[in-house]
Amino acid sequence: MLTIENLEVSYGRAQVLWGVSLNINEGEIIALVGANGAGKTTLLKTISGIVKQRSGKISYDGKPFDKLSSRDIVKMGIVHVPEGRKLFPEMSILENLMMGAYKVPKQEREKRLDQVFTLFPVLKERMKQLAGTLSGGEQQMVALARGLMAGPRLLMLDEPSLGLAPLVVERIFEAVMKIHQEGVTVLLVEQNVHEALELANRGYVLENGKIVLEGAGNELLGNEHVRCAYLGI
Amino acid sequence: METLVQSLVSGILTGSLYAMIGVGLTIIFGVMRIINMAHGDMVMLGMYSSFWALTLWNIDPFVSIVFWVPVAFLIGMLTYRFLLKKIVPAGELNTLLYTAGLSLFVSNLALLVWTGDYRTIKLDYAVMPLRPFGIAVPIPLAIAFGMAILITALLYWFLVKTDTGRAIRATSQEPMAAALMGVNAAQMEMLTFGLGTALACGAGVLLAPSLYLYPTVGEILVAKCFVIVVLGGLGSVQGAIAGGLLLGVVESLGAVYVSVPYKDAIGFVIFLLVLLFRPSGLFGVGKS
Amino acid sequence: MKKLLVLALFCFSVLFLTTPAMSYDTLKIGAPQPMTGSDAPFGAKFKKAYDLAVEEINQAGGINGVKIAVVIEDHQAKNPLAATVTEKLINQYKVLVLTGGRASGQAVEIASVAQRLKTPYVVDHPSADIITSKGFEWIFRNNPTGTIYPQAFNKFISETPGALPKSAAVVYDNTVFGKSIANSAMAFLKSKNVKIVNDEAYPVNTLDFKPIMTKVKANNPDYLLMVAVSTTDAILLTRHAKEMGVSPRAFVGFGGGFGVADFATELRKLSDNVFSSAAWSGNPNDPKTKAFYQKFEKKYGFHPKEHEVEGYAIVYIIADAMKRTKFTGNLEKDRDLLRQSLLKTDMTTVFGKVKFGNWKGPLGDKYTNQNIYSPDHSVLAQWRDGKLLNVYPKANAEVKAVFPDPSTKK
Amino acid sequence: MALLDVEGLTKCFGGLKAVSNLSFQVNEGEILGLIGPNGAGKTTVFSLITGFVPPNEGKVLLEGKDIVGLKPYSIAHKGVARTFQIVKPFRKLTVLENVSLAAFLRHSARKEAEAEARRVLERVELIDKAASYASDLTLSEQKRLEIARALATNPKVLLLDEPMGGLNPTEIDHASILVRDICKSGVTIVWVEHVLKAIMNSCHRVIVIHHGEKIADMPPEQIVINPVVIEAYLGKKANSYKKGEPIC
Amino acid sequence: MKKTVLIIIGLIVLGIAPLVVRSPFFVHLMIMVLMWTVLGASWNILGGYAGQVSFGHATFLGAGAYTTMILYLSCGVDPWYGIFIGGIVAVLISLPIGFICFRLRGPYFSLSTLAVAEIVRLVALNWESLTAGPVGLLITTLPQVSFFGKAINWESKVPFYYIIAIITLIALIITYIVSRTRVGAYLLALREDIDSAESIGINTVKARVVALALSAFLAGIAGGFYAMYLRYVDPDAVFSIGLSVEMLFIAVVGGLATVGGPLIGAIVLVTLGESFREHFLSGHLIFYGFFMMLAIRYMPDGVWGRINTLFKKLRLKKDVNHGTA
């Protein structure tokens, strides 16, 4: 579904990604793990068109899309839920969700909203509340829901568990599983390596801007290198 | 008592127009982080548009506003596209200085073209004010008040209810996320600058029959604008509306009960106090 | 970068090249005026008036055969620039004499420079008392000072039975002009034991007088005195006073704004019965004035007002002094000779009689070379159906004053 | 007596406890590693020690004297220097100017300050770039500039906030050597890092914080087999999953 | 080496200029250029070096001008002490202003200086017992001062020229010292990044106050000179926002945070002003506005900064050529 070949990205003079290649098949959950500053967020930003690559090729369903703007990329169904949630704090939950469906034709929005509300019933109850007043876990739910409103085929989640209590993290991952069961392909960037890899079909390990390892989730979990990358011996 | 009510009424009437100007400035700041020193000159252009429509084509200002607002909207978008777009990323201080230059340019161009003559607008139906309950309400200001409320309400509706309006607010609150939702930030910025300019010009058109106009009138107005938006919290639309009304009332009451010569100083003192002790504005949600 | 250097060089060369050579082919009068900035319309008015007078004088043979010319320099209503252009006129253009200035701040600066550089400066319009009350012997003034403006009004209330106000509200702009007039009027009223219920100085460019008038209304004054340096302030003051329902026995305006045609065309019936106590109010029946009005309207297509009259008159006053001067060709000497001639001026212009002398003003200022007839020029007039008619002093009266104001009967 | 003694440090942002009752000691001459997952509060600890953020509770003793409440600049005077995770060079100044500025703290004459700056630049191998603008450096060079600037204040304690973030492995090795070298020259170092490999190879002792609390304080070789640490890093099920198996 | 020669030549030119240029008008223009240079330099210390863009610098000029005037008129204090005291009063006034405005950063600081300046102007306009209000203060004669036994002729421009030339030199030297020493370096650090500056031991509050005080002192002295040279001050002339904007314009066009920038800016402002006025009569302010926009868009370092970079490039080129040859 999504293929990345030899991607190189730099901010000014500092190169962040060095020849990254990966591919995602329809219906998979892919975990992308790696230490802070390894380039995970940059990779997502490049896919969603916020950052332009210096070289390399990204193609979606076999079609290259390096010339496309982030608007068209959203329209094609690649949706990026950013790190730190980045909700619109002075808008209500409903408005946040409507923003998620910005590129979706009006007639389809109601249907989407219903779907999202069945997945997160709690949001329906509080849809008039300002997003800035929600707790961290609730905000993450809204962020996920907002992402879903765009009708993604590929949902990219950047650190959805960041700064959340363990119990809440579990609920978030449950939600991710549910979303996946609805038929959405998921690219998950996580620090919470264990949960992420357990959930994932496959995983990639990114280190200093390079993919150093890839494999099935369980396989990676047992891999010594993963521990090395994280505990650094 | 009558004096108090009278000054409140005058204050609110003028304040509604201040609010309209302030809303324009505040949305521009919210989306682009531009402190637009040329905003007052947009009001000035609006006043002249109003004047010329009446003088040359005999169109009443309260009619001509219908086409001046869209024209101003277009001009605003073009200004953004050709003059400001490249300078916005250079940071708040550079844009501040740049728009100060723009202001100098526009007001002096107006001086050259229209001369510095003070002009006033004569409306046949507006010689004497209405006097409900013994309170004087000047007709042009009353009409302007109504239209300002209508336009501000329309804008509010636009920002809250439409996709594009939401996108503008989203961009001002969280530009990165808005881009991820598929919002074209550059387009929103252009649109916002257009809207801000249209509001300023519109307010100018409405103000013209009540005040007099000359090319550097913007200098006085822009200072008031800053007081208004800082009172309300930079970037907040509701805040600017409240700030505008508040400034109108404070000026009116201040002139009556405190001191005429220091009338303008009162506004500035409040401005400083708010900046120091409640930088998010009196009505701001309070992002730290 | 190169372009910039070239530009800079160009600027310098322009400065040096345009230095005019001294000659008496023409007798030059320098006039610093605001030609740009918000005061620019006034500069334009004076320029037209000067041009007309110069044209007439030159057609009539000039000054003993030598043509005169007025050299205008723009001071943008900025004081340091006023000093700069005065220096330029005196040192570069080698003018014999100066006039103009427009606003008091710049005029003081011009006077200060002229006094130092020993060049006569004949003031045509600026009214700050300070200009002729500092003992500057090189400075002359034809027009009245600010404190003289209320003279006709003062006479009217003290001489007409029952006209003395019980109380008065005074609203004036916070400039030299407004302040001088208001202080002078208030000093006189206080001397007559009239209570001043409002003493309100408003900042120039006040866009909204309604709050002030609300305050005034609460005190219910017997007279409302308004001072405005600009026409628009005069119009807005009157409009807002009437809108707010201030109802004194008389509305009295001071300053040029209350005496121009725009005042009536803008205010229509709101202007009715408003008094204008002005430094000068042309008598349209005077043949000289009439001729000037016609000539001016023919040339420029609009009716001249106070400023044009002042500008036109001043050129004639200077020309008269020049005619009486035997120039030697030595600039410094000639300037002093011209000053001597100006001291002996005794003539009548469209503005009225003029003779410079040293005397004491209404607030005790010691004037030097101030037109001794200026208090006589002061006229009280009243608006009737869009026309401004003289009502006081009786000698100049065209009609009888309508008083108290019928529109505000309580 | 420990050189730097942190006692019961607590800081709340809104309702969230970013640092909670944290105590640790830094001994003279050691390299102390400070690790923990994202958002654990490591940078906040640095900001609390250096006075950028006031703590709600707790003490920071430098050579026995409490420095809580002092402004950042006077803490710098007392000999605590820090670097920033997101580099903050003076962009429009040259590298030499950047470092001389810091050297002015101990040398009032420009010449001396510049000489000192050159010495420091020599040490961090940036001397070739002395005349370049800071904004023209690569990330790795900017990180080194950050260290150089802190070093030029001639500190007793140097707080390094992720000096390796975004560097490639060769650069990391290089930087590790530099850090050890600085330590050898007599500067005590507290080091926040995500690249654990570097920490493990260089630190004498490592403190792990999670949700603002200290969960471990031990030598690096013990850290990597500590179940609490592994849980914090790899997720809570990691231990049960791989129980009994050695790592690496 | 070359620099010293250039500076000496500059000083000689500055010294003999009024003797060579006979026209008093040109001497007057040079005086104006130098006065604006001091004002630009004053603004530059705070706005250029320390990066605190002020819209209210006229406050300090006005304070200096009024102090000198009032001291002379009511206490008979010799203006040449008055000018100095004017500078000190400006510093005293700057302290509470700094206390208020320095709590704010970036554009908020700028807006607050604008507000403070307006308040000060209104106070000066209405505090009649002190300032004579809108009427303003005028002096007609300056006191007798002898210089090496000879009475100075105040009606000539030359003594004023030398006074302002000395003040300008002081301003430029202060700027130079600021740019070369710890203080200046600290100000630059402040402009670039306040956190970093604090972290390397810079007391940023103190540094900003020092910058403001220096800046106010220079503006105050220039104000004192203004009062004595032009002999008339009124609130709208010396406290106007327009004046503050002109100072800013000089510094921005000349080059922020450069020693010579304000001189270039002042030359540009005064000569462009003069020639535009001559050739276009009206509308030259349009060019100012336009020039300001161009400067910020294309020459953010100003004319002087641009020249500097060009020279640097040239030198680099030379070095490169030298290296390969």
Side-chain angles (χ1 to χ4, degrees), chain C residues 1 4 7-8 10-16 18-19 35-37 40 43 72-93 104-106 108-109 111-113 115-118 128-131 134-136 173-180 201 203-204, chain E residues 22-29 31-32 35-36 122 125-126 128 132-141 154-157 226 229-238 240 242-243 246 264 267-268 270-286 299 303 306-307 310:
Chain C
M1 204 40 244
L4 261 177
L7 189 65
F10 165 79
C11 296
F12 274 117
S13 57
V14 159
L15 280 172
F16 284 98
T18 48
T19 309
M35 303 309 287
T36 56
I72 293 179
E73 274 284 306
D74 176 20
H75 64 51
Q76 291 176 40
K78 289 178 188 159
N79 293 2
L81 270 180
T84 301
V85 299
T86 311
E87 293 271 356
K88 190 174 185 179
L89 287 167
I90 294 173
N91 288 314
Q92 296 304 112
Y93 289 103
S104 296
Q106 289 86 56
V108 175
E109 211 65 81
S112 181
V113 175
Q115 170 73 13
R116 254 181 290 168
L117 300 181
K118 301 198 173 15
D129 289 66
I130 200 175
I131 300 171
K134 285 281 179 181
F136 286 159
D173 55 18
N174 204 356
T175 60
V176 194
F177 178 81
K179 217 140 205 155
S180 317
V204 210
Chain E
R22 290 252 203 69
S23 155
F25 171 64
F26 282 106
V27 179
H28 170 82
L29 274 192
I31 292 173
M32 288 324 245
M35 193 180 89
W36 280 114
L122 287 168
L125 194 63
N126 292 296
E128 280 181 56
V135 175
L137 297 171
L138 171 69
I139 45 176
T140 47
T141 47
W154 292 130
E155 305 310 310
S156 148
K157 301 260 156 327
Y226 173 104
Y229 182 61
L230 294 172
R231 299 189 189 187
Y232 175 63
V233 293
D234 69 272
D236 283 335
V238 294
S240 73
L243 210 61
E246 272 178 87
I264 306 261
I267 292 173
V268 169
V270 175
T271 52
L272 274 193
E274 276 304 307
S275 41
F276 276 142
R277 206 171 38 240
E278 269 202 39
H279 292 268
F280 302 100
L281 199 61
S282 63
H284 51 273
L285 285 173
I286 301 175
M299 294 192 294
V303 177
R306 199 57 192 264
I307 295 173
L310 278 179

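Residue numbers begin at 1 in each chain, while the letters A, B, ... track the order of the sequences.
Counting only distance, with no hydrogens or angles, the side chain of C:Q106 and the backbone of C:A77 share a donor-acceptor pair below 3.5 Å. Between the side chain of E:R231 and the main chain of E:T140, a donor-acceptor pair closer than 3.5 Å is present.
Counting heavy-atom pairs closer than 4.5 Å to chain C, the top residue among E:L138, E:D234, E:I31 is E:L138. In terms of heavy-atom pairs under 4.5 angstrom with chain E, the leader among C:G105, C:G135, C:A128 is C:G105. The candidate from C:I130, C:T84, C:L117, C:D129 with the greatest count of non-hydrogen atom pairs under 4.5 Å with chain E is C:T84.
Annotation: side chain of E:L230 is in contact with side chain of C:E109 (closest heavy-atom distance under 4.5 Å).
Looking at E:Y229, the atoms closer than 4.5 Å to chain C (heavy atoms on both sides) sit in the backbone and in the side chain alike. Proximity to chain E involves both the backbone and the side chain of C:K134, based on heavy atoms less than 4.5 angstrom apart. Neither the backbone nor the side chain of C:P203 comes within less than 4.5 Å of any heavy atom of chain E. Interface residue C:F136: only side-chain heavy atoms are found under 4.5 Å from chain E. For chain E, the nearby part of C:V85 is the side chain; its heavy atoms alone come within less than 4.5 Å.
Scored by the side-chain hydrogen bond (donor to acceptor under 3.5 Å, both in side chains) test, C:T175 finds C:D173 as partners (sequence neighbours excluded). By the ring-ring contact (aromatic ring centres under 6.0 Å, His included) test, E:Y232 pairs with no residue at all, sequence neighbours left out.
E:P235 and E:P134 make their closest contact through CD-CA, 4.3 Å (heavy atoms, listed as atom of the first residue, atom of the second, distance).
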